[in-house]
4 protein chains.
Amino acid sequence: MPPARKRKPAAGLKSRAAPKPAARPPRARKIEPEARRQAILKAALAVFAERGFEAARLDDVAARAGVAKGTLYLYFEHKEALFEALIRTAVSPVMEQFGKLAAAPNLPPLQAIEAFFALFQNEVLGTERKLLLRLIIAEGPRFPAIAEMYHREVVVRGIGLMRALAERAARQGAFATNGAARYPQLIVAPLLMAVIWDGLFSKIDPLDVGGLLRAHREVLIGKPQKGVS
Amino acid sequence: MPPARKRKPAAGLKSRAAPKPAARPPRARKIEPEARRQAILKAALAVFAERGFEAARLDDVAARAGVAKGTLYLYFEHKEALFEALIRTAVSPVMEQFGKLAAAPNLPPLQAIEAFFALFQNEVLGTERKLLLRLIIAEGPRFPAIAEMYHREVVVRGIGLMRALAERAARQGAFATNGAARYPQLIVAPLLMAVIWDGLFSKIDPLDVGGLLRAHREVLIGKPQKGVS
Amino acid sequence: MPPARKRKPAAGLKSRAAPKPAARPPRARKIEPEARRQAILKAALAVFAERGFEAARLDDVAARAGVAKGTLYLYFEHKEALFEALIRTAVSPVMEQFGKLAAAPNLPPLQAIEAFFALFQNEVLGTERKLLLRLIIAEGPRFPAIAEMYHREVVVRGIGLMRALAERAARQGAFATNGAARYPQLIVAPLLMAVIWDGLFSKIDPLDVGGLLRAHREVLIGKPQKGVS
Amino acid sequence: MPPARKRKPAAGLKSRAAPKPAARPPRARKIEPEARRQAILKAALAVFAERGFEAARLDDVAARAGVAKGTLYLYFEHKEALFEALIRTAVSPVMEQFGKLAAAPNLPPLQAIEAFFALFQNEVLGTERKLLLRLIIAEGPRFPAIAEMYHREVVVRGIGLMRALAERAARQGAFATNGAARYPQLIVAPLLMAVIWDGLFSKIDPLDVGGLLRAHREVLIGKPQKGVS
DNA sequence: GATGAATGAGGATTCATTCAT
DNA sequence: AATGAATGAATCCTCATTCAT
């Protein structure tokens, strides 16, 4: 989805355009517009994450993306539009991963949980994606559209997944209670905690996320785990 | 007639004044400096929480506090100093509450947990203090001094309290595992989740925090709770 | 619709603009960056000279240079940087003139003195450069870097020139004493006096600089001058 | 001349009030108002001299004078009024000294010159009064009233004195030419030079004022001075 | 399409001046 | 008279956005 070329028609957020641009057949021009767009988004994630939406300077985004400042406006209407695109773009891949987990409903719940935690550690906490999550937490309150999108795209699905999983686990006796089935947020909460802890205290008091999640699993299961570390 | 700061009383510039006209008492004096300071801090909490540190305008803080812009600088050196004072000030009272819980070490752990959750619901989630927590989460990464202070004053103590509690509970068999004793963050994580959820989704999908915490308790205990609510 | 810098195009605030309306060419572009830089420096000289460093308003400089306020910052980091550039820039051309005098060391000293005085009258007192000198005198004490630069670039060289000249004159008997050779400042002092007098009293009691300098020459020579003027 | 108690009637400078308050019979109250006034003026001289009129902060003046900021306004209408009073006040004593010189018209001109230079060295260059002179030079252009006053009170009289002296010297053959008689500024110019040099270069290249003035005398006289140093 | 110089509204901060005590 | 907290206009500087090339 190349440039925008609209003179701020009314302020966006509404234009809930195509679900995904879906990689247009490349025609090898100067520099693939899509690549440029990606470069900008990547730069934007770094800059927005480091400084927050307001303090982020588009100058920095442009410099980091290796484009001119004006170029940003060929791809995004506003700073705000860039920010929202950034979130939207980065959120999708996570969903795909979710899809994989959901696609294996016959996986024993404990293994599924384990897989989910691992996925989170590797694909979120271990990557720039944790910045994204942090950004949503920090800026979401000022960007209802983003919060709404995130809720719809990620939270609802994630909760659904977790609930199914927890219900299965509770039914099979793998979880000692159905508390997590009733409030699947409980499964995710420590992950959130890990992200926030990382953002605030990683320098002064780093958290052993592996240990945290192992302990979390024990609590969910309701009894000490033997075998696994 | 030489230069000297002309007050240019002619010319437009009609008072870019207050979004809330709020009939400003012309020259409110003798309002107990401390009260004024509190008013500023209160206003600052509201404004900073609503917009974030960078986007917050001191004009708004002043207007909201019912003082002139310059007055802020009689009480705080900077925007940043105001922000930090805000956090510091608001953090202490929470500590006192913590103190009360800690002062009752012979309280049965389950009751202590329950009390703690209730305290959090009433004194944090139910008040403006949740804004504070949200601010720390959102802005902490850019304010190491604040993160550090919060860690020292709140997190370390809180974790200590929770750990003692969880250990007692584990020893007495009240908790099915010692997971929470090893990672007391697990006890607090759902509270964090509640605050963040509230900030992001309260409008579109409010969370039943009471239910969440009841379920959380069940999970911690490792078996369904009868009786209680 | 979230926050984001609202351009508030409604509401008053009618352009606190230019003291000199001067039909501003809307978006003057491609005006040779160097020319623009010069325009800014020229405007800055006028404004700084009229009001002094502190009282000078960059708004005025911008208006006078026919650029937007922000444009100044594309060319100069600070108000102070602009000020220093201003001094530096304006100082060099004077040096070139000095060079010419120095390049004619065989010129009879009296003629050299005469040429020097004429140069000063035409190139300093008769132009905006006298403002520069006045600025250095007035602001130099607060700008050590500028004083140092001026000393190094102008004073040391100027003194050197004058000393060589005065020594020659003394040796040849053209000057009755070697006082000026020992303190070449004596040759220059009346020029300084002229600049200061001009700045303070030109309106109420203008000084005949030509007469002053003729008399000065007589004194230096040690006997009445016949012939010349 | 105690307080002012007028609400900025029209901006002053006109109120060319009493020539001198003339020490009112002290009634030993709290703190002699006149003493307070003097303290303020003294503080003001220091602060204005160090920073210039615009940059000088009345807070600093007040602090230095040991009074509250508001108190300044009991004694002076404006910052500007304070500045002008400062100049006026400090100028008078110099005039008295002048008087003494003028009162000895039978003193041999060379001795009178010498006395004058000594007076300047001791009473101006050697004291805070040089700051005053510097202030007048630097700020005078923006304060026509001050320039005018200074011209009237100091310059005209000084020039008159110098002229009389130079004429006598020329007539008696003590001066080789009547150049200085025609432009008595020539006598004073090196003094000015000394003040300015001191302000700009005292740190990096101090000037031997004694030597300068001796050389100056030689030049004026038109032949080397034996005897004196 | 891309560029980046130019624009100018906006916001933090300062400080002369006022005025209730 | 003296105080100093309060005021708010003024000013520097930033940075999102525009637009001529």
Side-chain angles (χ1 to χ4, degrees), chain A residues 2-3 5 7-8 29-31 33 36 54-60 62 67-75 77-80, chain B residues 4-9 13 15-17 24 26-31 33 36 54-60 62 67-75 77-80, chain C residues 4-9 13 15-17 26-31 33 36 54-60 62 67-75 77-79, chain D residues 2-3 5 7-8 29-31 33 36 54-60 62 67-75 77-80:
Chain A
R5 266 302 133 109
R7 298 291 164 80
K8 211 194 297 192
R29 249 181 294 147
K30 280 278 171 104
I31 299 170
R36 216 154 243 250
E54 269 288 328
R57 287 184 293 131
L58 292 189
D59 260 332
D60 288 349
V67 302
K69 201 156 34 139
T71 303
L72 300 182
Y73 288 83
L74 297 175
Y75 290 84
E77 276 202 272
H78 306 311
K79 190 184 188 182
E80 210 176 304
Chain B
R5 223 161 262 267
K6 281 147 294 189
R7 285 284 157 110
K8 216 192 288 196
L13 260 296
S15 67
R16 287 208 295 110
R24 192 186 315 142
R27 282 259 161 167
R29 219 64 85 69
K30 267 301 94 127
I31 299 188
R36 206 155 256 245
E54 275 289 336
R57 290 184 296 131
L58 291 188
D59 270 12
D60 288 349
V67 303
K69 227 177 323 169
T71 303
L72 300 183
Y73 290 86
L74 295 176
Y75 291 85
E77 275 227 302
H78 298 315
K79 190 183 186 183
E80 205 172 313
Chain C
R5 222 162 265 268
K6 280 149 293 186
R7 285 286 156 107
K8 213 193 287 191
L13 260 294
S15 67
R16 286 204 299 109
R27 279 259 163 163
R29 220 63 85 69
K30 265 305 89 126
I31 298 189
R36 207 153 254 247
E54 274 290 337
R57 291 183 296 132
L58 291 189
D59 270 12
D60 287 350
V67 303
K69 228 178 322 168
T71 303
L72 301 182
Y73 292 86
L74 295 177
Y75 292 85
E77 277 226 301
H78 300 314
K79 191 183 187 183
Chain D
R5 266 303 133 112
R7 298 289 164 82
K8 211 196 296 192
R29 249 180 297 145
K30 279 280 168 104
I31 299 172
R36 216 155 243 250
E54 270 287 330
R57 287 182 296 130
L58 292 188
D59 260 333
D60 288 349
V67 302
K69 202 159 27 143
T71 303
L72 300 182
Y73 288 83
L74 296 176
Y75 290 85
E77 275 204 90
H78 306 310
K79 189 185 190 185
E80 210 176 304

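Computed from a predicted model, the values in this text were never measured in an experiment. Per chain, numbering begins at 1; letters A, B, ... match sequence-line order.
The side chain of T71(B) lies closest to dT7(F) when the candidates are dC12(F), dA16(E), dT7(F).
Pairing analysis of DNA chain E (Watson-Crick: purine N1 to pyrimidine N3 plus N6-O4 or O6-N4; G-U wobble: N1-O2 and O6-N3; both under 3.5 Å) yields stems of 3 or more pairs at E:2-21 with F:2-21.
Across all strands shown, A56(C) has heavy atoms under 4.0 Å from sugar-phosphate atoms exclusively, and none from any base.
Map G70(B) and A68(D) each onto its nearest nucleotide of DNA chain F; the residue landing nearer the 5' end is A68(D). Place V67(A) and L74(C) on DNA chain E by their nearest nucleotides, and V67(A) ends up nearer the 5' end. For the pair L72(A) and L58(D), nearest-nucleotide mapping onto DNA chain E gives the more 5' position to L72(A).
Computed from coordinates, the Y73(C) OH to dC15(F) P distance equals 13 Å when rounded to whole Å. Going from atom NZ of K69(D) over to atom P of dT21(E) covers 19 Å, rounded to whole Å. With rounding to whole Å, D59(D) atom CG is found 14 Å from dT3(F) atom P. Summarising the geometry, the separation between CD on E54(B) and C1' on dA16(F) is reported as 14 Å, rounded to the nearest angstrom. A straight line from CZ of R57(A) to P of dC13(F) spans 16 Å, rounded to a whole angstrom.
Taking side-chain N and O atoms only, R36(B) has a distance below 4.0 Å to OP1 or OP2 of dT7(F). For Y75(A), no side-chain nitrogen or oxygen approaches OP1 or OP2 of dG1(E) to under 4.0 Å. Within the structure, a side-chain polar atom (N or O) of K79(C) is placed less than 4.0 Å from OP1 or OP2 of dC12(F).
With sequence neighbours left out, K79(C) forms a salt bridge (Lys or Arg N to Asp or Glu O under 4.0 Å) with no residue at all. Residues that satisfy the side-chain contact (heavy atoms from CB on, under 4.5 Å) test with A68(A), not counting sequence neighbours, are T71(A). With sequence neighbours left out, E77(C) forms a side-chain contact (heavy atoms from CB on, under 4.5 Å) with A81(C).
Note that CG of L58(B) is 9.5 Å distant from NZ of K69(B), once rounded to the nearest 0.5 Å.
Here the closest heavy-atom approach between residue Y73(D) and residue H78(D) is recorded as CE2-CA, 4.5 Å. Minimum interatomic distance between V67(A) and L72(A) (heavy atoms only, all atoms of both residues): CG2-CD2, 3.9 Å.
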